[in-house]
S.K.: 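My questions all concern the structure below.
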Amino acid sequence: MFKRYLLLGAFFLPFVSHAQEIVNRDPEIERYVKAISADSMKASVEKLVSFGSRHTMSSVTDATKGIGAARRWTLSKFQSYAKNSGGRLTAELQSWTLKPDGRRIDKEHEIANVVATLKGTDPADDRVFVISAHIDSRAFDIMNRDIDSPGANDDASGVATALELARVMAQAKFPATLVFLIVSGEEQGLYGADYYAQQAVDKKWNLEAILNNDTMGSSAGSETSVIDNTRLRVFSEGLPAYQTAEQAATIRSIGAENDGKTRQLARYMKEVGERYVENLEVVLIYRNDRFQRGGDHTPFVNRGFAAVRITEMNENFDHQHQDIHTEKGKEYGDLIKFMDFEYLRKNAGVNLATLANLAKAPQMPQEVKIEVKGSANYAKLNWKAPKSGKVKGYYVLMRETYQPFWQKKFFVTDTSVTLPYSRDSYFFAVQSITEGGNESLPVIPLPTGR
């Protein structure tokens, strides 16, 4: 193991390379990632498929068929994992009534989210990190609530991932709180996610990150016969709709159009996910979602939260939103046989590593500033310690303005630093870190001292 140092006047500042960071895995997180079981997730998908239609408007009372039965089974799985949590994991149904909307809701209907919460251990840490997926499914006709719509990949794959993470992490003790959120109504209009996101606003929850998993378990796409189980897409918004004109003006003034909260979360997910999951590249897509499409992260993004969408690299549209049938020798339908559970295991590992690293990290540094006075050949940054969490020090991140990812990070123990790099030519950010190396999300500095 080696460290390189940057000479700053009379001080040597340790520079940590990306290769070194990959080696420095947290043993606890590594153990959790290795505990993820492809067979366990396959069993969950098989059970979810067995409910026939999980259409939002399907039966909520039938004991074995429909979305109601699927929700109750999912709740029971979370409750079974809660028995091993020492009382920290709890699970509930959030129910309400959908009103007809003239489009995809044609009558009043009960809807419910399944919410499992692993309470954080630090009373001073109010952060909440969410993994979400949607339990509803559909066939070709969006209003057909009776036809079988197995929804194996879309989105039993995401539900199985959230369930598996709850199983593996139920006994863990993190300072921050984790929520395993299974929403309903995605196919009809993102109703479950919108309901939960509005709750977060109304109740002033400190939601720092939402990882939305949707259609993530197939390694073969429609346009290629090549099996690709080595890449995973993460979609992230650049300038979300909630930005006011004043906020947008600030972003433009510092050139940070590519550095919003959601984009920072995506970069974080790439670095941490690839650190713990071998033979998998996290591919960042600089869009909120697929072209002209949407997902359950969007209601959170639109309310100002950092939320990303996680989706397989190559979607197969023969097995998405299709009736089960065979035409000209080709099978259509979202069936289990078209999934790759080893690929799903790796994708679940990226989620777990990201959530665990965030939940173990201190809160983000506060009031991060970059000095405008003085020579532009230097970058003077200062900040305040986070509100909670034991801090070993801070990483100061740096990249050239045209680079998509952070190129260098410098470790400091003080709350200020002067770097011999032009603030005109580089972007900077600051992270809090623990003794074990768990990093908070990065914070972009705002200008001061003009």
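Starting from 1, each residue takes its place in the sequence as its number.
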S.K.: Can you check side chain to side chain contact (heavy atoms under 4.5 Å, CB included) on Tyr268 and Glu439, steps first, answer last?
M.R.: CA-CA 9 Å; Tyr268 186 100; Glu439 313 100 317; 4.3 Å; yes
S.K.: List the atom of Phe300, the atom of Ala307, and the distance in Å for their closest heavy-atom pair.
M.R.: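 So the minimum-distance heavy-atom pair works out to CB-CB, 3.8 Å.
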S.K.: Does any donor atom in the side chain of Thr215 or Asp155 lie under 3.5 Å from an acceptor atom in the other side chain?
M.R.: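 No pair is found: no donor N or O on one side chain lies under 3.5 Å from an acceptor on the other.
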S.K.: Examine distances only and state if a side-chain atom of Arg167 and a backbone atom of Lys77 form a donor-acceptor pair shorter than 3.5 Å.
M.R.: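 Judged by distance alone, no pair lies under 3.5 Å.
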S.K.: Answer yes or no on whether Lys34 is positioned over the face of Tyr276, meaning its NZ or CZ is under 6.0 Å from the six-membered ring centre and within 45° of the axis.
M.R.: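 No cation-pi geometry.
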S.K.: Run Trp205 and Tyr196 through ring pair (Phe, Tyr, Trp, His ring centres under 6.0 Å) and show every step you take.
M.R.: CA-CA 11 Å; Trp205 294 336; Tyr196 192 86; 5.3 Å; yes
S.K.: Any ion pair linking Glu315 and Arg290 (charged N to carboxylate O, less than 4.0 Å)?
M.R.: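 Looking at Glu315 together with Arg290, the answer is yes, because their closest N to O distance falls below 4.0 Å.
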S.K.: State, without any angle test, whether His134 and Asp154 hold a side-chain donor-acceptor pair at a distance under 3.5 Å.
M.R.: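 Distance-only check passes for His134 and Asp154.
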S.K.: For the residue pair Tyr32 and Gln171, establish whether any side-chain heavy-atom pair is separated by less than 4.5 Å.
M.R.: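 No, their side chains stay 4.5 Å or more apart.
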S.K.: Would a 4.5 Å heavy-atom cut-off, applied to side chains only, mark Leu178 and Thr117 as touching?
M.R.: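 Not in contact.
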S.K.: Is it the case that more than 12 heavy atoms not belonging to Lys369 sit under 6.0 Å from its NZ atom?
M.R.: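 Yes, because the 6.0 Å sphere around NZ of Lys369 holds more than 12 heavy atoms from other groups.
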S.K.: Tell me if a side-chain donor or acceptor on Thr354 pairs with a main-chain N or O of Val350 at a distance below 3.5 Å.
M.R.: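 A pair under 3.5 Å: yes.
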S.K.: If we ignore angles and hydrogens, is there a donor and acceptor under 3.5 Å between the side chains of Gln363 and Ser388?
M.R.: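 Result is yes, a qualifying pair exists.
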S.K.: Within the side chain of Ser137, is there an N or O that forms a donor-acceptor pair under 3.5 Å with the backbone of Arg54?
M.R.: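 Side chain of Ser137 to backbone of Arg54, a donor-acceptor pair under 3.5 Å: yes, one is there.
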S.K.: Picking from Asp289, Val308, Thr262, what satisfies side-chain contact (heavy atoms from CB on, under 4.5 Å) with His297?
M.R.: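 Only one of Asp289, Val308, Thr262 forms a side-chain contact (heavy atoms from CB on, under 4.5 Å) with His297, namely Asp289.
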S.K.: Does Asp194 pair with Arg303 as a salt bridge, N-O distance under 4.0 Å?
M.R.: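 Judged by the 4.0 Å cut-off on N to carboxylate O distance, Asp194 and Arg303 do form a salt bridge.
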S.K.: Given side chain to side chain contact (heavy atoms under 4.5 Å, CB included), test Ser58 with Ile67 step by step and report yes or no.
M.R.: CA-CA 6 Å; Ser58 62; Ile67 195 168; 3.5 Å; yes
S.K.: Does any N or O in the side chain of Glu164 come within less than 3.5 Å of the main-chain N or O of Ser37, such that one atom is a donor and the other an acceptor?
M.R.: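 Answer holds: yes.
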S.K.: Side chains of Thr230 and Asn279: is there a donor and an acceptor less than 3.5 Å apart?
M.R.: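 No, Asn279 and Thr230 have no side-chain donor paired with an acceptor closer than 3.5 Å.
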S.K.: Say whether Asp334 and Asn153, considering side chains only, have a donor N or O and an acceptor N or O under 3.5 Å apart.
M.R.: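 Distance-only check fails for Asp334 and Asn153.
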S.K.: Between Val114 and Arg71, what is the shortest heavy-atom contact and its length?
M.R.: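 What the structure gives for the nearest pair is CG2-O, 3.9 Å.
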S.K.: Output yes when Glu186 and Arg138 qualify as a salt bridge under the 4.0 Å nitrogen-oxygen rule, no when they do not.
M.R.: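 No salt bridge links Glu186 with Arg138.
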S.K.: Would you mind reporting whether Leu280 and Glu274 have side-chain heavy atoms less than 4.5 Å apart?
M.R.: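 A side-chain contact under 4.5 Å is absent here.
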S.K.: Evaluate Ser184 against Asn113 for side-chain hydrogen bond (donor to acceptor under 3.5 Å, both in side chains), listing each step before the verdict.
M.R.: CA-CA 6 Å; Ser184 297; Asn113 293 334; 4.6 Å; no
S.K.: Mark yes or no for whether Glu312, through its side chain, and Ser218, through its backbone, hold a donor-acceptor pair below 3.5 Å.
M.R.: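 The answer is yes, because a donor-acceptor pair under 3.5 Å joins these two groups.
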S.K.: Under a 3.5 Å cutoff, is there a donor and acceptor pairing between the side chains of His55 and Glu187?
M.R.: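 Absent: no donor and acceptor within the cut-off.
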S.K.: Quick one: do Ser219 and Asn229 satisfy side-chain hydrogen bond (donor to acceptor under 3.5 Å, both in side chains)? Show the steps, please.
M.R.: CA-CA 5 Å; Ser219 55; Asn229 65 357; 5.6 Å; no
S.K.: I'd like to know if the side chain of Asn382 pairs up with that of Ser416 as donor and acceptor (distance under 3.5 Å, no hydrogens or angles considered).
M.R.: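 Side-chain D/A pair, Asn382 to Ser416: absent.
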S.K.: Quick one: do Glu28 and Lys173 make a salt bridge, cutoff under 4.0 Å?
M.R.: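 Between Lys173 and Glu28 there is no salt bridge, as every charged N stays at least 4.0 Å from the carboxylate O atoms.
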S.K.: Is it the case that the side chains of Arg263 and Asn258 hold a donor-acceptor pair, with the cut-off being a distance below 3.5 Å and no angle test?
M.R.: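 A pair is found: one side chain offers a donor N or O, the other an acceptor, under 3.5 Å apart.
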S.K.: Whether Asp259 and Arg267 form a salt bridge (side-chain N of Lys/Arg under 4.0 Å from carboxylate O of Asp/Glu) is what I want to check.
M.R.: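 Yes, Arg267 and Asp259 are salt-bridged.
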S.K.: Any chance you could lay out the side chain to side chain contact (heavy atoms under 4.5 Å, CB included) test for Tyr81 and Leu89, step after step, and finish with the verdict?
M.R.: CA-CA 8 Å; Tyr81 303 146; Leu89 182 65; 4.0 Å; yes
S.K.: Heavy atoms only: give me the nearest Thr434-Lys360 pair and the separation to one decimal.
M.R.: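 Closest heavy-atom pair between Thr434 and Lys360: CG2-O, 3.4 Å.
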S.K.: Under 3.5 Å, is there a donor-acceptor pair between the side chain of Lys261 and the main chain of Gly304?
M.R.: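 Between the backbone of Gly304 and the side chain of Lys261 there is a qualifying donor-acceptor contact (under 3.5 Å).
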S.K.: Report the C-alpha separation of Phe174 and Asp122 in whole Å, then their side-chain angles, then the decisive distance to 0.1 Å, and conclude whether the side chain to side chain contact (heavy atoms under 4.5 Å, CB included) test is met.
M.R.: CA-CA 8 Å; Phe174 300 120; Asp122 184 354; over 6 Å; no
S.K.: Could you pull out the closest heavy-atom pair between Phe305 and Ala200, with the gap in Å?
M.R.: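 That would be CZ-CB, 3.8 Å.
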S.K.: Quick one: are Lys408 and Tyr421 in side-chain contact, heavy atoms under 4.5 Å?
M.R.: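 Contact flag for Lys408/Tyr421 side chains = yes.
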S.K.: Are Ile285 and Val234 packed together at the side-chain level, in the sense that at least one heavy-atom pair is separated by less than 4.5 angstrom?
M.R.: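 Not in contact.
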S.K.: Looking only at side chains, do Asp26 and Asn357 share a donor and an acceptor under 3.5 Å apart?
M.R.: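 On atom types as modelled, these side chains do not qualify, holding no pair under 3.5 Å.
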S.K.: May I ask you to check whether Phe427 and Trp406 place their ring centres under 6.0 Å from each other?
M.R.: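 Between Trp406 and Phe427, the centre distance exceeds or equals 6.0 Å.
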S.K.: Judged by atom type as modelled, is there a donor-acceptor pair below 3.5 Å linking the side chain of Ser425 to the main-chain atoms of Ser422?
M.R.: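 Here the side-chain-to-backbone pair does not exist.
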S.K.: Looking at Met216, is its backbone amide N or carbonyl O close enough to the side chain of Asn347 to form a donor-acceptor pair, meaning the two atoms are under 3.5 Å apart?
M.R.: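 Answer holds: yes.
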S.K.: Got Thr311 and Phe235 here, is their nearest side-chain heavy-atom distance under 4.5 Å?
M.R.: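 Yes; the side chains approach each other to less than 4.5 Å.
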S.K.: Output yes when a side-chain donor or acceptor of Thr74 lies under 3.5 Å from a complementary backbone atom of Ala70, and no otherwise.
M.R.: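 The answer is yes, because a donor-acceptor pair under 3.5 Å joins these two groups.
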S.K.: Are any of the side-chain heavy atoms of Leu355 and Leu165 separated by less than 4.5 Å?
M.R.: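 The answer is yes, as the side chains (C-beta and beyond) meet within the 4.5 Å cut-off.
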S.K.: Working to the nearest 0.5 Å, report the span between CG of Leu441 and CD1 of Ile444.
M.R.: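 Reported value, rounded in 0.5 Å steps: 11.5 Å.
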S.K.: Which one of Arg309, Arg293, Arg233 satisfies the salt bridge (charged side-chain N to carboxylate O under 4.0 Å, His left out) criterion with Asp214?
M.R.: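 When salt bridge (charged side-chain N to carboxylate O under 4.0 Å, His left out) is applied between Asp214 and each of Arg309, Arg293, Arg233, only Arg309 qualifies.
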S.K.: Let me check something: any side-chain donor-acceptor pairs from residues 42-52 under 3.5 Å, sequence neighbours excluded? List them with distances.
M.R.:
from: Ser44; atom 1: OG; to: Ser40; atom 2: O; distance (Å): 3.4
from: Ser50; atom 1: OG; to: Lys47; atom 2: O; distance (Å): 2.5

S.K.: Test your reading of the model: is there a side-chain donor-acceptor pair from Arg25 to the backbone of Arg275, 3.5 Å cut-off?
M.R.: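 Side chain of Arg25 to backbone of Arg275: a pair is present.
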S.K.: Does CZ in Phe405 sit with more than 12 non-hydrogen atoms of other residues, nucleotides or ligands closer than 6.0 Å?
M.R.: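 More than 12 heavy atoms, drawn from other residues, nucleotides or ligands, come within 6.0 Å of this atom.
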S.K.: With the side chain counted from C-beta on, respond yes when Phe180 and Phe78 share a heavy-atom pair under 4.5 Å apart, and no when they do not.
M.R.: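 Yes, their side chains come closer than 4.5 Å.
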S.K.: Would you name the heavy atoms of Ser132 and Asn212 that are closest together and state the gap between them?
M.R.: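 Smallest heavy-atom distance, with atoms named: OG-OD1, 3.1 Å.
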S.K.: Whether Lys346 and Glu278 form a salt bridge (side-chain N of Lys/Arg under 4.0 Å from carboxylate O of Asp/Glu) is what I want to check.
M.R.: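 Salt bridge between Glu278 and Lys346, a charged N being under 4.0 Å from a carboxylate O: no.
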S.K.: For Arg127 versus Pro362, what's the shortest heavy-atom pair and its separation?
M.R.: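 Nearest pair, atom of Arg127 first, then Pro362: NH1-O, 3.2 Å.
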